[in-house]
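Comments concern the structure below.
Lettering follows sequence order; numbering is per chain, from 1.
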Number of protein chains: 2
Amino acid sequence: MDADADLAAPAKLMGDPARAAMLTALLDGRSLPASDLAAIAGVAAPTASSHLAQLVEGGLVVATRSGRHRYFSLAGAEVARAVEALQAIAPRRPVTSYAGSRAAKRLAEARSCYDHLAGRLALDLADALVGEGSIEPLGIGQPGSLTDRPGPLAMRLGLDRVPPTGKRPAVRGCLDWTERRPHLAGAVGAHMLGVLLADGLLVRDRDDRGLTPTPEGAAWFATFAR
Amino acid sequence: MDADADLAAPAKLMGDPARAAMLTALLDGRSLPASDLAAIAGVAAPTASSHLAQLVEGGLVVATRSGRHRYFSLAGAEVARAVEALQAIAPRRPVTSYAGSRAAKRLAEARSCYDHLAGRLALDLADALVGEGSIEPLGIGQPGSLTDRPGPLAMRLGLDRVPPTGKRPAVRGCLDWTERRPHLAGAVGAHMLGVLLADGLLVRDRDDRGLTPTPEGAAWFATFAR
DNA sequence: GCGACGATTCGACCGGCATCGAAGCGTCCC
DNA sequence: GGGACGCTTCGATGCCGGTCGAATCGTCGC
């Protein structure tokens, strides 16, 4: 029984900025490889490896090997709850500066989430795809599926010709913090972001994972956005 | 927007054994002077003073002066929740001793959780209150509400005359680690614990946040317990 | 099999912080 | 007002651990 469990051990693990960034990135239940987590945390590969070893040792994170990659994810819902409970008492980020709040708004609109699209635009797209019957409604973290009759939007995005990808589910719901609803992830989600970038409807912002519609993109998005 | 609140700051504060011990000691909502907290944490006075200054600076603890003493207490229920969430994922202590397991059983039965009642007794009470239609069923971490027709149990506990309390929700579900179900927290939960103590149905144990029913209390609890 | 790549281990460097003794400040009691 | 007491500040010490370059191991693609 945990009448007086050693509170300090997990707290110490979460107390390092690099590890905290990793845990936050994993909060939606995704599994990410070590290299991605290193980039997210802003540290070199050896440093990230050390941190991840500690997180695994401490039981906050679990690792699964897949070829030459190792995917890390949170060890359970209790860990996610603890992370969120700490976020609840954490001082809010830059909120004070104009730049900060403008950046936040920009990210809420459209950003990349790992390798797929997130933000309000992603939610609109997911809604439209469900609406036209191209995909089943999304569950959070749950694998979903494409239907066998793709609509015009799905055709435009090339979702009917997504290359097959090993074990990764084609469609998956990924929780979006903007509105706490799932957007489209999985192989199809990744493919979709690729098409949007390749066709010049979206461009990546310079310093973060923000995405901005081009003029053509904005016009196109307006045809189905709320 | 807390898209990326600085998780690491409060976690770092909790990550030191001395500070963790202090926070745990304050978990039941008591206010303790610096000297007591120093003793509990097992450090010298200057060290404790330094730790407490950090906890106050970080917003986890608040201090009130009273003569030549300074009393410290947790800054709010959210801090208590974060501490408990971390305890939930902490490695279990060396609980092999008989004393340890007896204490654990005692705490599982009834204890204070910040300012309200937790443990099996709390779950029984919450069930009974829901059963008699005095409160809506509890969601974890979710605000709930009193119904407009309090039953006899609610009347006995004075839940119909809980003083209004600013922003704090009257009723809230708080996850109980005993059975992973929510018990009654919020202003009503705090009031209920106060009544139980004031009416001599429960007494605080000496060294921890355990609570023990008095003979009258035990008899009364038996009337609705499972 | 050979090169590319992801991940880990090793070793060295260095900053940050927990710790406590001594001293200073304010409050209470007599 | 004098002494005791609670708490804090200051300063010095020592250690833990975060960091990254270089090297190693294992896997994938051709």
Legend entry - 5′-ward residue of the pair G67(A)/P17(A) relative to DNA chain D: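 Whichever sits nearer the 5' end wins; that is P17(A).
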Legend entry - First of P33(B) and A18(A) reached from the 5' end of DNA chain D, by closest nucleotide: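 Comparing both residues, the 5'-ward one is P33(B).
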Inset, instruction - Kindly determine whether T24(A) and L7(B) satisfy side-chain contact (heavy atoms from CB on, under 4.5 Å), including the steps that lead there. - result: CA-CA 8 Å; T24(A) 301; L7(B) 175 57; 3.7 Å; yes
Inset, instruction - Would you sort out whether L202(B) and T214(B) count as a side-chain contact (heavy atoms from CB on, under 4.5 Å), showing the intermediate values? - result: CA-CA 6 Å; L202(B) 283 178; T214(B) 60; over 6 Å; no
Inset, instruction - Identify the residue among T212(B), L196(B), L211(B), L197(B) that makes a side-chain contact (heavy atoms from CB on, under 4.5 Å) with V203(B). - result: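 Result for side-chain contact (heavy atoms from CB on, under 4.5 Å) with V203(B): T212(B).
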Legend entry - Heavy-atom contact window of chain B on DNA chain D, given 5' to 3' at under 4.0 Å: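 The contact span of chain B on DNA chain D goes from dA4(D) to dT9(D).
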Legend entry - Close approaches to DNA chain D from residues 36-48 of chain B, in residue order (heavy atom, under 4.0 Å):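 Heavy-atom contacts with DNA chain D come from A45(B), P46(B).
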Inset, instruction - Give me the residues of residues 53-61 of chain A where at least one heavy atom lies under 4.0 Å from an atom of DNA chain D, by number, or none. - result: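 Q54(A) - these, ordered by number, are the residues of the stretch whose heavy atoms sit under 4.0 Å from the strand.
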Inset, instruction - Just call it for Y71(B): base, sugar-phosphate, or nothing, with non-hydrogen atoms closer than 4.0 Å on any strand. - result: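 Nothing, no heavy atom under 4.0 Å.
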To check you understand the geometry: which heavy-atom pair defines the closest contact between [X] and [Y], and what is its length?
X	Y	result
A18(A)	V43(A)	CB-CG1, 4.0 Å
I135(A)	A126(A)	CD1-O, 4.3 Å
A187(B)	V162(B)	O-CG1, 4.0 Å
R19(B)	L13(B)	NE-O, 2.6 Å

Inset, instruction - For DNA chain C, note the earliest and the latest nucleotide, 5' to 3', having some atom under 4.0 Å of a heavy atom belonging to chain A. - result: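 On DNA chain C, the outermost contacted nucleotides are dA4(C) to dT9(C).
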Legend entry - Distance, nearest 0.5 Å, that separates CE of M155(A) from CD of E132(A):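 Rounded to the nearest 0.5 Å, the CE-CD separation comes to 10.0 Å.
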Check whether [X] reaches the backbone of [Y] with its side chain - one donor and one acceptor, N or O, closer than 3.5 Å.
X	Y	value
D199(B)	L201(B)	no
R65(B)	G67(B)	yes
S134(A)	G151(A)	yes

Inset, instruction - Quick one: do L74(A) and V62(A) satisfy side-chain contact (heavy atoms from CB on, under 4.5 Å)? Show the steps, please. - result: CA-CA 6 Å; L74(A) 293 190; V62(A) 292; over 6 Å; no
Inset, instruction - Please round to 10 degrees the angle between the axis of the first five pairs and the axis of the last five pairs in the helix from dG1(C)-dC30(D) to dC30(C)-dG1(D). - result: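 Taking the rotation axis at each end, their angle is 40°.
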Legend entry - Evaluation steps, side-chain contact (heavy atoms from CB on, under 4.5 Å), between M14(B) and L86(A): CA-CA 10 Å; M14(B) 297 184 189; L86(A) 280 172; 3.8 Å; yes
Legend entry - Residue pairs, two or more places apart or on separate chains, that pass side chain to side chain donor-acceptor pair (under 3.5 Å) and touch residues 37-50 of chain A: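 Sorted pair list: S50(A)-Q54(A).
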Inset, instruction - Step through it carefully: locate the ring centre of H116(B), locate the ring centre of H183(B), and say whether they are under 6.0 Å apart. - result: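 Yes, the ring centres sit under 6.0 Å apart.
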